[in-house]
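Report on one structure; see the data block that follows.
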Amino acid sequence: MKNNKIIAIWGNPNSGKTTLSIKIANELVKKNKSVILVMANPFTPAIHTVLPFTETKDQSLGALLSSIQISQENILKKCIPVQNTKNLSILSYLHGENIRTYADYGKERVLDFFILLKHLADHIIVDCSSQFHHDLLSRGALELSDQVIRLISPDLKAISFYDASLPLLEERKYNLANHTKILSNVKPEMPKDIVGNRFGGIQNELDYSEELQRQVLEARLFETLTDKKSEGYNKQLQSLMDILFFGEDDHEKKEKKKEKKLKIAFLKKGSDA
């Protein structure tokens, strides 16, 4: 299994970042992994759009980040458990809050936050803000995560967004070349080939699903997709999970290739004798 401890999910507006973050978290929990989902967007707090009936008093991510001291205990107190879902909790700004609600915090706080998180769960999923240049937490996630998933809607607005945004991530620390690029919300009539060729190296696609859209509108994203028409999306999601977590990493592939060569050489030598 690949050691992707922290996964940052980033993309153009309305590309399905929160949706995919939740679906990946669900899949990890099914594998008996503990997960903390960080909803980093301070501009449109997501918690009450995905868990509208959950009590969240005094459990703000913003309050945690701007507090005098941060600790594992403080983080756990701010974690919002997902009802009927074992080993999954959420850190999020709360309804009505915004980037001005709390005092500013620095890059050192972001670093401390992610270091502490690593010891609290098997995996950390960060649902980043599209406007990372105004959001230090999302920017920190793009820099400090083990893997970044870059969601791309197959339309011209996505091209415009990335033409403006990617130059802001050209520093080596953001490791743009290693982003996993995913076309998201793909419909048959969309120019996916044009958009895919524009960005190059698209690793996967996630098709549009009517059932998934209903889950978004009805705040039921933590439920499993069961409609037969969603089979395509489920297969694509499993393929992405293999890429991120359950497939062989580069080291394992190299070792198996090396073992195969040694075996072939040994058998050939034996046959010559």
Side-chain angles (χ1 to χ4, degrees), residues 2-21 24-25 36-46 61-62 65 91-93 98-99 104-115 117-118 123-186 191-192 194-206 240 243-245 249-250:
K2 296 181 180 179
N3 188 30
N4 281 331
K5 185 81 174 181
I6 301 179
I7 300 288
I9 299 179
W10 173 64
N12 60 278
N14 301 314
S15 57
K17 297 180 292 298
T18 300
T19 297
L20 182 60
S21 297
I24 287 177
I36 295 177
L37 172 56
V38 181
M39 294 182 166
N41 190 343
F43 308 104
T44 310
L61 173 60
L65 292 170
L91 289 166
S92 174
Y93 284 83
N98 57 57
I99 202 166
D104 292 337
Y105 55 89
K107 191 172 182 179
E108 295 79 8
R109 174 54 54 89
V110 173
L111 178 61
D112 290 343
F113 176 65
F114 282 117
I115 289 173
L117 276 178
K118 279 190 171 187
H123 296 285
I124 310 300
I125 309 298
V126 187
D127 175 17
C128 296
S129 166
S130 295
Q131 308 303 327
F132 65 93
H133 44 287
H134 294 307
D135 174 17
L136 185 58
L137 182 58
S138 292
R139 194 160 67 248
L142 293 175
E143 179 181 347
L144 299 170
S145 62
D146 300 302
Q147 181 64 58
V148 176
I149 300 175
R150 190 195 311 172
L151 289 181
I152 305 167
S153 299
D155 55 46
L156 297 180
K157 280 191 174 183
I159 291 177
S160 179
F161 172 82
Y162 282 111
D163 282 348
S165 299
L166 290 180
L168 301 173
L169 295 173
E170 287 182 342
E171 294 179 67
R172 181 182 295 182
K173 63 184 180 180
Y174 293 115
N175 207 9
L176 272 181
N178 286 336
H179 286 193
T180 298
K181 290 173 281 186
I182 308 294
L183 284 181
S184 181
N185 295 328
V186 180
K192 68 174 185 178
I194 295 174
V195 177
N197 290 335
R198 175 68 175 74
F199 291 103
I202 299 298
Q203 281 88 355
N204 210 335
E205 296 181 11
L206 293 169
L240 178 57
I243 291 172
L244 294 173
F245 302 105
D249 60 24
D250 291 338

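Pairs passing the side-chain hydrogen bond (donor to acceptor under 3.5 Å, both in side chains) check and including a residue from residues 153-164, sequence neighbours excluded, read N12-S153, D163-R198.
In terms of heavy atoms, F113 sits closest to L61 at CZ-CD1, 3.9 Å. Across every non-hydrogen atom of N4 and I7, the tightest pair is CB-CD1, 3.5 Å. A pairwise comparison of heavy atoms in P13 and S130 identifies N-OG, 3.4 Å as the closest pair. Nearest heavy-atom pair, I243 versus Q203, reported as atom, atom and distance to 0.1 Å: CD1-O, 4.2 Å. Closest non-hydrogen pair, S129 versus S138, comes out as N-OG, 2.9 Å. The two residues P191 and P154 come nearest to each other via the heavy atoms CD-O, 3.4 Å.
Remark: L144 CG to L137 CG distance equals 10.0 Å, nearest 0.5 Å. With rounding to the nearest 0.5 angstrom, the CD1 atom of I9 is 10.0 Å from the NZ atom of K17. Separation of atoms CG (N175) and CD (Q147) is listed at 8.5 Å; rounding is to 0.5 Å. Distance OG/S21 to CE/M39: 7.0 Å, rounded to 0.5 Å. Here I24 contributes atom CD1 and F245 contributes atom CZ; the two are 6.0 Å apart, rounded to the nearest 0.5 Å. Here the CG-CG distance, from L117 to L91, works out to 6.5 Å after rounding to the nearest 0.5 Å.
By the side chain to side chain donor-acceptor pair (under 3.5 Å) test, K5 pairs with no residue at all, sequence neighbours left out. For D104, the side chain to side chain donor-acceptor pair (under 3.5 Å) test picks out no residue, with sequence neighbours left out. In terms of the side chain to side chain contact (heavy atoms under 4.5 Å, CB included) criterion, residue partners of L136 (sequence neighbours excluded) are, by chain and number, Y105, V110, R139. In this structure, the side chain to side chain contact (heavy atoms under 4.5 Å, CB included) partners of I99, at least two apart in sequence or on a different chain, are P42, F43. Listed by chain and number, the residues in a salt bridge (charged side-chain N to carboxylate O under 4.0 Å, His left out) with E143 are K107, K173 (sequence neighbours excluded). Remark: A25 engages V35, L88 in a side chain to side chain contact (heavy atoms under 4.5 Å, CB included) (not counting sequence neighbours). Residues passing the side chain to side chain donor-acceptor pair (under 3.5 Å) test with K181: none are found, sequence neighbours excluded. For the side chain to side chain contact (heavy atoms under 4.5 Å, CB included) test, residues two or more places apart in sequence or in another chain that qualify with D112 are I70. With sequence neighbours left out, the salt bridge (charged side-chain N to carboxylate O under 4.0 Å, His left out) criterion links E108 to no other residue. The ring-ring contact (aromatic ring centres under 6.0 Å, His included) test applied to F132 returns W10, not counting sequence neighbours. Applying the side chain to side chain donor-acceptor pair (under 3.5 Å) rule to N14 yields no partners; only residues at least two apart in sequence or on another chain are considered.
Formation of a donor-acceptor pair under 3.5 Å by the S184 side chain with backbone atoms of S15 is found in this model.
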Problem set entry | Derivation and outcome, side-chain contact (heavy atoms from CB on, under 4.5 Å), residues L166 and R150 | CA-CA 11 Å; L166 290 180; R150 190 195 311 172; 3.8 Å; yes
For this session: List the steps and the verdict of side-chain contact (heavy atoms from CB on, under 4.5 Å) for Y93 and T44.
Result: CA-CA 8 Å; Y93 284 83; T44 310; over 6 Å; no
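Side-chain contact between D127 and I125 is absent, with no heavy atoms from C-beta onward closer than 4.5 Å. At a threshold of 4.5 Å between non-hydrogen side-chain atoms, the residues N185 and T19 do not count as touching. At a threshold of 4.5 Å between non-hydrogen side-chain atoms, the residues L240 and L20 count as touching.
By the 6.0 Å contact criterion, CD1 on I115 is enclosed, its count of non-hydrogen atoms from other residues, nucleotides or ligands being greater than 12. Around CG of L111, the count of heavy atoms belonging to other residues, nucleotides or ligands within 6.0 Å exceeds 12.
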